[in-house]
Amino acid sequence: MRIRLEKRPQPSRRWLYLSPLLAVLVTMLAGGALFAALGKNPVEAIATIFWEPLFGEFAFYYRPQLLVKGAPLVLIAIGLSLGFRAGVWNIGAEGQYIIGALAGAGVGLAFYPLDAWFVFPLMVIAGALGGLAWGMIPGLLRVRFGTNEILVSLMLVYVAEKLLAAMALGPMKNPEGMGFPGSRNLQQYPSAHNADLIADTGMHWGAVAALIAVIFAYILLGRHVLGYHIRLTGQAPRAARFAGVDPARLVLFCLGVSGALAGLAGMFEVSGPAGQVSIDFNVGYGFTAIIVAFLGRLHPFGIALAGLLMALTYIGGEIAQSNLGLPAAAIQMFQGMLLFFLLAVDLLTNYRLRLLPRPETA
């Protein structure tokens with residue numbers, strides 16, 4: 001018998017929703033094999049990652065962290081998904097996340113130690129504008145000069161990281177920090193602190209913004225003509241041009257919105273869980289959000305669930321590192337497997353496997 005891929009007349013809706021579940025299952029199996037190769041009990045490692053944060057002895061502490069870790073992933077992934085649906089590939093959300101954090105923190109530190117209600121709203125605006133401006137760079141270059149937004153947005157991540165280091169060691173450095181790099185702790189500045197709205201729940205303004213973004217994206221894609229243009233451009237670019245869609249305007253919109261949402265995620269993070277501008281502030285949320293966007297099938301509600309799942313692997317991975325001694329690189333590889341297997345299994349959405357008899361040889 002031999003196997004042949006046969007293109008389906010139209011994408012399978014069943015496999016569209018089954019492939020993420022199958023990808024998660026295959027990732028668990030492959031991850032278990034990886035952990036076994038490292039000399040760890042694979043069942044214990046997988047259970048630690050997926051069970052302990054939800055139902056373990058200290059679940060009361062870890063559950064709120066799902067919102068803390070998941071909110072920036074969802075917020076960034078929602079912005080990315082709009083561009084991905086339209087064929088606009090923003091791979092530099094990590095840089096936009098950093099610039100949004102720097103802009104928001106810069107406004108907050110500029111008003112220190114003023115006790116005023118308007119400081120935090122100004123930080124929110126600055127964070128969004130900072131991310132938007134950084135996202136518009138690849139957008140304007142693509143529209144004006146035809147550059148590849150993938151390369152430009154990705155290269156700008158490294159520029160943003162250098163700016164982050166320069167700010168942490170220079171203008172934003174805490175004058176009372178005894179020479180250590182990093183800004184003042186915004187958690188100790190009430191006017192600029194993104195605190196939990198309900199104590200010990202992880203529900204801060206970043207989580208609220210993520211929820212609003214999910215609802216906004218759902219309405220935009222399903223009920224607004226702009227959402228129709230986004231979907232049409234991604235599925236049939238030529239038909240979109242005949243329908244009167246302005247490609248340049250759509251590119252700028254998608255990169256601007258994704259940059260603004262990534263900037264907001266950075267601002268909420270630096271003023272909340274992270275607390276300060278530091279050299280190692282960015283932890284890869286901008287890149288992980290790409291996995292979240294595709295795992296959620298570029299659907300707003302799917303992205304919300306995928307963001308919580310990825311947050312679970314972050315928290316469970318940290319537990320596995322401390323309790324089982326798993327290296328951080330193994331956890332990162334486990335997370336990367338999820339996107340790899342999702343892309344592999346996604347083949348079944350457009351193709352079916354056919355078993356054919358081997359031709360007889362003379």
Side-chain angles (χ1 to χ4, degrees), residues 61 64-65 67-76 93-135 157 159-213 259-286:
Y61 170 76
Q65 295 300 309
L67 289 179
V68 173
K69 299 285 188 183
L73 292 174
V74 172
L75 201 53
I76 298 170
E94 183 79 359
Q96 295 142 27
Y97 170 85
I98 292 171
I99 297 301
L102 290 177
V107 169
L109 293 172
F111 282 102
Y112 182 86
L114 179 66
D115 182 12
W117 65 269
F118 58 80
V119 172
F120 189 73
L122 287 178
M123 291 172 63
V124 172
I125 295 171
L129 291 178
L132 184 147
W134 208 249
V157 173
V159 178
E161 288 178 341
K162 296 302 181 183
L163 284 174
L164 174 66
M167 292 295 106
L169 294 168
M172 290 189 181
K173 185 176 178 181
N174 185 359
E176 301 172 3
M178 302 178 65
F180 289 97
S183 70
R184 295 183 186 273
N185 192 334
L186 295 176
Q187 293 178 348
Q188 299 173 1
Y189 178 23
S191 294
H193 182 206
N194 178 27
D196 282 1
L197 300 175
I198 304 174
D200 302 323
T201 62
M203 177 62 74
H204 55 63
W205 282 112
V208 174
L211 178 61
I212 293 172
L261 292 180
L264 280 176
M267 195 289 303
F268 287 128
E269 188 71 13
V270 77
S271 60
Q276 65 173 164
V277 173
S278 60
I279 295 176
D280 56 352
F281 163 72
N282 58 309
V283 292
Y285 281 146

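For the atom pair CD1 of I125 and CG of L132, the computed distance is 13.0 Å after rounding to the nearest 0.5 Å. Separation of atoms CD (E269) and CD1 (I98) is listed at 12.0 Å; rounding is to 0.5 Å. A distance of 10.5 Å separates CG in N282 from CD1 in I99, rounded to the nearest 0.5 Å. Of the inter-residue distances, the one linking L169 atom CG with I279 atom CD1 reads 4.0 Å to the nearest 0.5 angstrom. Residue S278 holds its OG atom at 12.5 Å from CG of N174, rounded to the nearest 0.5 Å. Interatomic distance, L129 CG to M267 CE, rounded to the nearest 0.5 Å: 11.5 Å.
The shortest distance between side-chain heavy atoms of M203 and P64 does not fall below 4.5 Å. With a 4.5 Å cut-off on side-chain heavy atoms, W134 and L163 count as touching. Side-chain contact between L186 and H193 is absent, with no heavy atoms from C-beta onward closer than 4.5 Å. Inter-residue side-chain proximity for Y189 and R184 is flagged as unmet; no heavy-atom pair is nearer than 4.5 Å.
Minimum interatomic distance between V68 and H204 (heavy atoms only, all atoms of both residues): CA-NE2, 4.3 Å. Closest approach of A105 to V270, counting heavy atoms only: CB-CG1, 4.1 Å. The shortest heavy-atom contact between A209 and L75 is O-CD1, 3.6 Å. Closest approach of A93 to I76, counting heavy atoms only: CB-CG2, 3.6 Å. Counting all heavy atoms, side chain and backbone alike, V124 lies closest to L264 at O-CD2, 3.5 Å. The nearest pair of heavy atoms linking L67 to G202 is CB-O, 3.6 Å.
At distances below 3.5 Å, at least one donor-acceptor pair connects side-chain atoms of Q276 with backbone N or O atoms of S183. A donor-acceptor pair under 3.5 Å links the side-chain atoms of E94 to the main chain of Y285, judged by distance alone. In this structure, Q187 contributes its side chain and S271 its backbone to no donor-acceptor pair below 3.5 Å. A distance-only check finds a donor-acceptor pair linking the side chain of N194 to the backbone of F268 [under 3.5 Å]. With hydrogens and angles ignored, the 3.5 Å screen pairs no side-chain donor or acceptor of K173 with any backbone N or O of F180.
Taking the six-membered ring for Trp, Y97 and F281 have ring centres closer than 6.0 Å. Here the two rings, on F111 and F118, have centers that are under 6.0 Å apart.
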